[in-house]
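Atoms considered below: every heavy atom in the structure, side chains included; atoms not considered: hydrogens, waters and symmetry mates. Every chain is numbered from 1, with letters handed out A, B, ... down the list of sequences.
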Amino acid sequence: MDKTYQPDSIEQAWYQAWEKAGHFRPSGEGESFAMMIPPPNVTGSLHMGHAFQDTIMDTLVRYRRMQGRNTLWQVGTDHAGIATQMVVERRLAAEGTDRHELGRERFLEKVWEWKAESGGTITQQLRRMGSSVDWSRERFTMDDGLSNAVREVFVRLHREGLIYRGKRLVNWDPALHTAISDLEVENREEQGHMWHFRYPLSDGSGHLVVATTRPETMLGDTAVAVHPEDPRYKDLIGQTVRLPLADRDIPIIADDYVDPDFGSGCVKITPAHDFNDYEVGKRHDLPQINLFTIEARLNDNAPQAYRGLDRFDARKKVVDDLDGLGLLEKVEDHTLQVPRGDRSGVVIEPYLTDQWFVAVESLAKPAIEAVENGDIQFVPKNYENMYFSWMRDLQDWCISRQLWWGHRIPAWYDEDGNVYVGRDEDEVRREHNLGDRPLSQDEDVLDTWFSSALWTFSTLGWPEQTDELKTFHPTDVLVTGFDIIFFWVARMIMMTLKFTGEVPFKHVYVHGLVRDAEGQKMSKSKGNVLDPLDLIDGIDLDTLVEKRTRGLMQPQKEKQIGKRTRKEFPDGINAYGTDALRFTFLSLASTGRDIKWDMGRIEGYRNFCNKIWNAARYVLMNTENQDCGLDADSSEVTLSLADRWIVSALQRAETEVTEALDQFRFDVASHAAYEFIWNEYCDWYLELSKPVLYGDEYSEAEKRGTRRTLVRVLEAILRLAHPFMPFITEEIWQKVAPLAGKTPAAEGADATIMRQPFPVSDRARLDPQAESDIEWIKAVITVVRNIRGEMRIPPGKALDVYLHNGKDIDRERLAANHNFMCRLAKLERITWLNAEDSAPASATGLVGDMEILVPMAGLIDKDAEIERLGKEIEKLRKEVARGESKLRNPNFVDKAPDEVVAKEREKLDDHRSQQARLEEQMEKIKYL
RNA sequence: AGAACCGUAGCUCAGUUGGUUAGAGCGCUGCCUUGACAUGGCAGAGGUCGGCGGUUCGAAUCCGCCCGGUUCUACCA
């Protein structure tokens, strides 16, 4: 074995071996455990959020697989309608063409080409993370089976009247020329203006003042609304104003929607361009005047002078023209929420178009109940509130998109504009007796989330009642980010309940966002993105800077990004390996919190990998080709105290890790493993094994016992840590397992650690006696080391120490472990002093009431020892004072539970007697 | 405007149902190339648990108010 752990030399080889051997596929035995990957964009690449999420999922899946569950981690990708279409359109633009020039069919060919070209990137990266997904079942939302499920769901919902088509006001993206759902709109606060206009009354008797942030829409006004009870305007209701520029008379109407205390109390109503106005317009039966083309230029419904103008140019002109007419009362600065498309970034317009909708009310009800009654549980629980508040105020879901890339809507129109919905054109013709009348299919495609809403069951073969569906549905856990609870989780719950009668999953584990070291969101435009692969493989500084500044939307940022990157990573990024990356994510994964990325952590866990590696080296050096006492008949084995202790401690660690994983506490689980491996096994047990293995005074049976324990505990540790760190554990396990009597088979389940049983703690192997004995030994050793450290006695200098005031048990413990203590504390001799013996001048420490004396002669400075003792005494004095005042309080003694009071008394006694001993010692030294 | 979450060591974070001497990692200080590991060992320093009040024998933990931060939702034209 190399002296240091080299992840790159083993990781990919192991992954390929596992995949080839089919270890990721369900075993077909045991209770099922299923998880669905949130399908990433097929042409995308892996970012830190994916890496975090995949680590959590893989840890869960490996854990359950090792527990003997029939485990399926379903993998697949999403066609990501808008995002993918945008990328391909950008590529076409670079070639000097566009999709309209190509036509729909050739454009789609181009998209499939792009998918073929870049579609493997993210799945390869998923492999680098060690993700044990079942590749044999990989799905794509646009493949035949899933497309079939999409059509089936659409048709069935339509038959029930839950999908309908209608002309509605929707969120329109003027850059992408498509409707988007309200979720895809981001409201951002921006600086704008509030313009106040005068609308003259038609009879010439005066004017009303209306205010707006979007002056261009006034050309489409069809009313002015006032509050019905507003005394200022009550008498005007029913009259008309002359709409300037458009020269139309529009009514003054009364509606509760108007807040009489805001502005002038008069509101212009533009039903075709504002959601509130749309509702008002419906109530009052107002005409809807659509002013815009699909690019948000003014159309022919606008007065001649404005036609063809971009909306923002039109705004300017409207303001100028009204000002010219003396109708601009004032302009104020105003901050407002501007709706922008989350993909395009342009201002979204409410726009009147024909769209398809899902009526969600009846679907939402059971979806709410499933969470209320606990069939689905969110982790952490507070996300349930977010879910409820959204589900209880649901808008119908606009599912049509004016794109080409996606599932085409299975609806056909005849020449009269009648619409027929069916699984395909033949079915439509048959069912509606259409003969050979010309039909044309709806041009639009479905929202990408429509297909991903079916993910848990469409991937398992629905609408066929497949074995997989029976076995793996409902799935157990969904691991996802909070940002798509509405987009995806809620819609999955609704659709899955509707079509399978089952919940899609029992638990939703919601993880936080991975942010950079400053807590900023990682984004290409900020230039603070970390690529998980760069953390695994390492990257030099220049390449990293080049990567971060390539293809920036705002090239002027290049310099700043380069500078910041060079400052943060002066030496580039080291290769830490997948296991260290995974362990870092897990240790930072406390419930639902965002993660601030910390390079220090990954470095620490890379060191942890190295620690495990070297512990294994030590074990192998001392056990290979040696008798490890595995043959129970022929070789007798004697276990040392340390052997019994570490086995006992292992049971506790196993319990902790298991309980934490069962509760999705990956931070707690990984910490428990870390703590046991480093601070117990490596720091203490390996050291305690050395005297036995290297000492002549130990019998062969004792040496065998220690060898056996070394190997067996290590083997268990590897299985315990495997879900967190799959690669290093496999690599070492292959070498260690044979020594523990588990020689890996050439193939099948026994060929790999990933199919071995997860360690189960055994109460019978707990040994409280051994644990408290070891605690005592550790305490004594620590006292000596402490004195050594504080007094700056070189670690190499062997010491003579004296023990004083010990009880029988102390004497027994020392007698039994003399050798261990000498070795670990580097002692020459340990001598008991009787009560009447006079001790040499010494530095003193306590374990309970037992004094440990390190003679000062030539080693210890009197003043230094006085200072050290003084600090100790001061600490104890404070504790004593605290305890005394507590116990002096009759309320405490009377009201607190007896055991709490008793414990407090005991503590006080201990502290008092320790204080007395140290003070006594202090006196001695002072008068030296 | 409403809601949620957060505020604990220099930094990043744990801290279950109130009963600790408040923990970990990184960083820092000192001593050490001791035959697994300097990606290491040993020891150490470092906290008024955001502030103020309240409940309680007892509060980092429960309640109220305030301050600071993050996010979501809804917005008035």
Side-chain angles (χ1 to χ4, degrees), chain A residues 1 3-5 187 194 196 210-214 217 224-225 257-259 261-270 274 276-277 280 336-337 380 382-383 385-386 389-390 393 482-483 486 513 517 519 574 576 580 584 587-588 590 592-622 663 665 667-668 671 674-675 679 682-683 686-687 690 694 781-782 785-796 823 825-826 875-876 878-879 882-883 886 889-897 899-901 903-904 907 911:
Chain A
M1 283 175 86
K3 200 173 162 186
T4 52
Y5 175 53
N187 289 302
M194 178 85 85
H196 297 256
V210 298
T212 182
T213 54
R214 298 188 304 155
T217 64
V224 171
Y257 157 68
V258 179
D259 175 1
D261 297 328
F262 186 86
S264 65
C266 300
V267 185
K268 62 189 275 302
I269 301 296
T270 324
D274 183 281
N276 287 313
D277 293 6
V280 174
L336 68 165
Q337 297 285 329
N382 48 325
Y383 283 104
N385 293 328
M386 184 170 155
S389 68
W390 189 68
D393 185 29
F482 66 94
D483 49 331
F486 303 147
L513 217 64
N574 287 326
Y576 295 107
T584 307
S587 69
L588 292 171
S590 48
R593 250 177 113 121
D594 284 357
I595 294 186
K596 269 198 206 183
W597 183 254
D598 182 357
M599 291 302 294
R601 291 297 280 258
I602 194 171
E603 185 154 342
Y605 295 124
R606 188 268 319 260
N607 296 351
F608 178 50
C609 290
N610 190 56
K611 192 74 182 175
I612 295 174
W613 185 258
N614 275 287
R617 279 182 69 209
Y618 168 79
V619 172
L620 289 169
M621 284 166 66
N622 287 289
Q663 294 167 58
R665 286 303 302 263
D667 57 333
V668 174
H671 184 254
Y674 180 98
E675 165 81 18
N679 300 341
C682 293
D683 283 352
L686 294 190
E687 295 308 318
K690 287 173 184 174
Y694 299 154
I781 292 169
T782 301
R785 284 175 176 173
N786 179 310
I787 290 170
R788 201 191 272 279
E790 299 243 326
M791 296 300 135
R792 305 200 182 156
I793 302 168
R823 169 94 185 201
K826 186 77 180 165
K875 264 192 222 166
L876 286 165
K878 275 189 193 147
E879 281 309 306
R882 220 182 52 87
K886 219 168 180 179
N889 181 352
N891 280 324
F892 173 69
V893 181
D894 293 346
K895 293 188 180 171
E899 68 265 25
V900 173
V901 177
K903 201 170 143 195
E904 201 61 43
K907 259 188 344 201
H911 288 141

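In this structure, Cys682(A) reaches the bases: a heavy-atom distance under 4.0 Å links it to at least one base atom across the strands shown. Heavy atoms of Pro890(A) sit nowhere under 4.0 angstrom from any nucleic acid atom. Here Asp277(A) lies out of heavy-atom contact (under 4.0 Å) with every strand. As judged by a 4.0 angstrom heavy-atom cut-off over every strand, Lys690(A) is placed among the base-contacting residues. Residue Glu899(A) is out of contact with every strand shown, counting any heavy-atom pair closer than 4.0 Å.
At least one donor-acceptor pair under 3.5 Å links the side chain of Asp594(A) to the backbone N or O of Leu513(A).
Residue Asn614(A) has no polar side-chain atom (N or O) positioned under 4.0 Å from OP1 or OP2 of rU39(B). In terms of phosphate contacts, Thr4(A) brings no side-chain nitrogen or oxygen within less than 4.0 Å of OP1 or OP2 of rC37(B). When the side-chain nitrogen and oxygen atoms of Arg593(A) are compared with OP1 and OP2 of rU12(B), none of them lie within a distance under 4.0 Å. For Tyr257(A) and rC75(B), the shortest distance from a side-chain N or O to OP1 or OP2 is not below 4.0 Å. For rU12(B), one of the phosphate oxygens OP1 or OP2 lies less than 4.0 angstrom from a side-chain nitrogen or oxygen of Lys596(A).
Taking both residues in full, the closest heavy atoms of His911(A) and Leu876(A) are given as CD2-CD2, 3.8 Å, listed atom of the first, atom of the second, then distance. Across every non-hydrogen atom of Leu620(A) and Met1(A), the tightest pair is CD1-SD, 3.3 Å. Shortest non-hydrogen contact noted between Lys690(A) and Tyr618(A) is CG-OH, 3.2 Å. The shortest heavy-atom contact between Val893(A) and Val901(A) is O-CG2, 4.0 Å.
Straight-line distance from the NE2 atom of His671(A) to the P atom of rU16(B): 15 Å, rounded to whole Å. Taking atom CZ of Arg882(A) as the reference point, atom P of rC57(B) lies 18 Å away to the nearest angstrom. Rounding to whole angstrom units, CD1 of residue Ile595(A) and P of rA14(B) are separated by 10 Å. The nearest whole Å value for the distance from the CD1 atom in Ile602(A) to the P atom in rC11(B) is 22 Å. As rounded to whole Å, 15 Å separates atom P of rC32(B) from atom NZ of Lys826(A). Counting to the nearest Å, the C1' atom of rG41(B) and the CZ atom of Arg788(A) are 13 Å from each other.
Set against rC42(B), rC31(B), rA36(B), the side chain of Ala615(A) has rA36(B) as its closest nucleotide. In the set rU12(B), rA77(B), rA14(B), rA14(B) carries the atom at the smallest distance from any side-chain atom of Arg665(A). Distances from the side chain of Asp259(A) to the nucleotides rU39(B), rA38(B), rA77(B) place rA77(B) closest. Of the listed nucleotides (rG25(B), rU39(B), rA74(B)), rU39(B) has the atom at the smallest distance from the side chain of Asn607(A). Each of rA43(B), rC32(B), rU21(B) was ranked by its minimum atom distance to the side chain of His911(A); first place goes to rU21(B). Side-chain proximity of Ala896(A) to the nucleotides rG44(B), rG19(B), rA36(B) is greatest for rG19(B). Between rG25(B), rA36(B), rG44(B), one nucleotide has an atom nearer to the side chain of Lys611(A) than all others, and that is rA36(B). Taking every side-chain heavy atom of Arg792(A) into account, rG30(B) is the closest of rA38(B), rA36(B), rG30(B). Nearest to the side chain of Asn891(A), among rC32(B), rC57(B), rA36(B), sits rC57(B). The side chain of Asn889(A) lies closest to rC57(B) when the candidates are rA14(B), rA77(B), rC57(B).
Rounded to whole Å, the separation between the C1' atoms of rU8(B) and rU55(B) comes to 23 Å. Here, rU21(B) and rG46(B) have their C1' atoms 16 Å apart, quoted to the whole Å.
Within the shown strands, nothing qualifies as a pairing partner of rU20(B) under the Watson-Crick or G-U definition with both distances less than 3.5 Å. The partner of rC75(B), taking Watson-Crick or G-U wobble pairs whose two distances both stay under 3.5 Å, does not exist in any strand shown. With a cut-off of 3.5 Å on both Watson-Crick or G-U wobble distances, the partner of rG7(B) is given as rC67(B). rA60(B) is unpaired under the criterion used here, namely a Watson-Crick or G-U wobble arrangement in which both key atom distances are under 3.5 Å. Base-pair partner of rC49(B): not found among the strands shown (Watson-Crick or G-U wobble, both distances under 3.5 Å). Across all strands shown, rU33(B) has no partner, as no Watson-Crick or G-U wobble contact with both distances under 3.5 Å is found.
The cationic group of Lys611(A) does not satisfy the cation-pi geometry with Tyr674(A), failing either the under 6.0 Å distance to the six-membered ring centre or the 45° limit from the ring axis.
Contact of Glu790(A) with rA45(B) (side chain to base): no donor-acceptor pair of N or O atoms is detected under 3.5 Å.
Salt-bridge check for Arg665(A) with Asp667(A): passed, with a basic side-chain N closer than 4.0 Å to an acidic carboxylate O.
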